[in-house]
Amino acid sequence: MANKDQNVVNNAADDKMTEPLLRGEQNLADENGGSGKKTGSKDSLYMVYLSTLVAVSGSYSFGTGVGYSSPTQNAIREDLSLSLAEYSVFGSILTFGAMIGAITSGPIADFIGRKGAMRVSSFVCIAGWLAIYFSEGALSLDLGRLATGYGMGIFSYVVPVFTAEIAPKELRGALTSANQLLIVIGASTFFIIGTVATWRTLALVGVIPCAVLLLGLFLIPESPRWLAKIGKHEEFEAALQKLRGKDADISQEATEIQIGVGLMVIQQFGGINAIAFYAANIFQTAGLSPSTGTISYALLQVVVTFFNIIMIDRAGRKPLLLFAATGLLLGCLLLAAAFFLKVYIGSFSSGMGATPWVLMSEIFPINIKGVGGSLTTLVNWFGAWAISYTFNFLETWSSYGTFLLYAAVNILGIVFITTVVPETKGRTLEEIQATMNM
């Protein structure tokens with residue numbers, strides 16, 4: 001009984017703190033419903049777009065880490081005399097670092113804020129890229145890759161969470177999906193540049209998006225939901241006013257501020273990082289030109305991920321996930337038969353790449369978002385490590401058998417999405433929580 005009474009007191013305090021934010025969501029909905037107010041204009045959304053653009057610089061950095069190992073594999077192995085096993089450690093240790101980053105991402109983002117977490121991640125990634133650039137052996141190479149992985153683990157949690165927390169509900173799906181779009185653009189850029197640049201030069205290029213992010217963070221506000229959570233009322237209202245526009249009436253917001261694991265298991269154990277980390281060798285094994293295949297892969301995933309951004313707030317989360325999971329199953333079966341890579345990459349980018357991150361940023365209440373987000377991000381990166389480390393050995397065992405294993409995971413994914421995953425399209429974060437708590 002005492003616990004229940006305390007919860008009532010805590011909830012009342014939270015409601016009082018978050019009332020302006022809640023009324024702001026309703027205000028935005030009214031504007032889009034034709035109330036005649038101008039607070040939903042492009043001018044009032046300028047800061048939302050700028051904040052998203054700055055944040056997804058971290059997503060771009062994430063993508064460069066993913067895209068680095070594929071075009072540089074042969075050159076690094078030759079220059080540093082690495083065995084296949086040593087390079088597999090280098091390729092996959094990034095995901096081990098990301099698991100550590102995932103464990104700490106939620107607590108860091110909750111303790112020093114979303115912007116603070118992005119700063120920490122940027123500095124660590126810069127240190128990692130410089131360590132790779134100056135490497136003369138496997139140890140320093142692996143330490144640099146581990147550091148960039150740690151930073152990526154933080155980015156993979158905090159960027160979609162920050163974007164979801166600042167965006168109005170009508171734009172939340174598209175803006176949060178921009179996270180995945182910039183990841184694939186970053187990876188694709190490195191796939192392409194890596195065909196002409198040395199591996200050391202490519203490592204220096206990896207520093208650029210981190211520097212852009214560090215500078216951009218001085219121009220944008222902190223997440224108002226995080227500020228509300230820690231009780232900084234004045235900063236909270238100032239951040240919300242800045243995001244909604246100087247003329248916006250934030251006094252009329254009306255809701256309360258308050259699965260991911262399963263989606264992350266499906267996303268990673270479906271085999272995507274085996275493709276991303278070792279694409280050049282897969283194309284070569286399939287009898288295709290590594291450079292031509294890698295560039296085609298890079299361009300395809302950008303185009304299809306852009307399609308996902310357009311469709312996610314129209315078609316909904318579940319339809320895209322089901323479409324993607326079915327396509328991944330088909331792609332794995334075709335890969336098992338003939339390494340028909342384009343079907344697989346297109347299917348992943350159409351829904352399974354971005355949508356789990358969108359849902360992760362939506363379904364957790366604010367009071368457990370740090371713990372829940374860290375857990376789902378950890379599961380994601382553990383899956384990425386397991387797949388990226390074992391792929392070369394599995395392919396040596398059986399190329400078609402490897403993708404049949406991935407196909408089995410995607411069958412389970414279709415069942416999971418159909419029976420468990422909720423639809424969140426068109427709802428505020430608070431409405432989503434009210435539905436899930438019923």
Side-chain angles (χ1 to χ4, degrees), residues 53 56-80 82 87 90-95 98 121-122 124-135 140-141 144-145 147-149 151-152 155-156 159 178-216 272-284 288-306 341-342 345 348-349 353 384 388:
L53 182 62
V56 296
S57 298
S59 307
Y60 186 91
S61 178
F62 178 155
T64 61
V66 172
Y68 182 78
S69 62
S70 177
T72 59
Q73 179 169 350
N74 291 335
I76 290 178
R77 288 189 62 190
E78 289 176 9
D79 289 356
L80 302 183
L82 301 184
Y87 194 82
F90 170 71
S92 63
I93 201 172
L94 174 138
T95 55
S121 183
S122 296
V124 174
C125 283
I126 289 173
W129 285 119
L130 292 178
I132 292 173
Y133 174 78
F134 289 109
S135 290
S140 57
L141 198 69
R145 185 76 164 164
T148 57
M152 287 169 56
F155 278 141
S156 62
V159 172
N179 170 59
Q180 182 67 19
L181 177 64
L182 268 292
I183 289 172
V184 299
I185 289 176
S188 299
T189 302
F190 265 40
F191 285 147
I192 295 170
I193 296 176
T195 62
V196 294
T198 67
W199 63 271
R200 294 188 190 275
T201 300
L202 200 60
L204 281 183
V205 175
V207 172
I208 297 174
C210 300
V212 170
L213 177 58
L214 287 172
L215 293 175
I272 185 59
N273 276 300
I275 305 295
F277 286 12
Y278 306 112
N281 273 18
I282 293 172
F283 281 116
Q284 189 170 19
L288 302 173
S289 164
S291 59
T292 301
T294 298
I295 292 172
S296 299
Y297 161 69
L299 296 176
L300 180 66
Q301 66 174 351
V302 171
V303 171
V304 181
T305 302
F306 185 75
L341 192 60
K342 292 182 181 179
I345 296 303
F348 182 84
S349 297
S388 61

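The nearest pair of heavy atoms linking S140 to S135 is OG-OG, 3.1 Å. The two atoms that bring F62 and S156 nearest to each other are CE1-CB, 3.3 Å, heavy atoms only. Closest of all the heavy-atom pairs between C210 and S61 is SG-OG, 3.3 Å. Across all non-hydrogen atoms, the minimal contact from V56 to L53 is CG2-O, 3.3 Å. Summarising the geometry of V205 relative to P209, their closest heavy-atom pair is O-CD, 3.5 Å, with the distance given to 0.1 Å. The shortest non-hydrogen separation linking I193 to L202 is CG2-CD1, 3.6 Å.
Using a 4.5 Å cut-off on side-chain heavy atoms (C-beta onward), I76 and L82 make contact. Contact of the W199 side chain with the P71 side chain is not registered, since no non-hydrogen atoms from C-beta on lie closer than 4.5 Å. V124 has its side chain out of reach of T148: every pair of non-hydrogen atoms, C-beta onward, lies at least 4.5 Å apart. Side-chain contact between T64 and T189 is absent, with no heavy atoms from C-beta onward closer than 4.5 Å.
Between F190 and Y68, the ring-plane angle classifies as tilted under the 30° and 60° cut-offs.
The structure places OG of S70 at 5.0 Å from CZ of F191, a figure rounded to the nearest 0.5 Å. Here W129 contributes atom CH2 and I208 contributes atom CD1; the two are 11.0 Å apart, rounded to the nearest 0.5 Å.
With Y87 contributing its side chain and N74 its backbone, the two residues share no donor-acceptor pair below 3.5 Å. Not one N or O on the side chain of R145 forms a donor-acceptor pair closer than 3.5 Å with the backbone of T95.
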Next item on the list: Take L214 and I126 through the test side-chain contact (heavy atoms from CB on, under 4.5 Å) and record every step on the way to the result.
Entry: CA-CA 11 Å; L214 287 172; I126 289 173; 3.9 Å; yes
Notebook entry, point to check: Going through the checks in order, is the side-chain contact (heavy atoms from CB on, under 4.5 Å) test met by L213 and Y60?
Noted result: CA-CA 10 Å; L213 177 58; Y60 186 91; over 6 Å; no
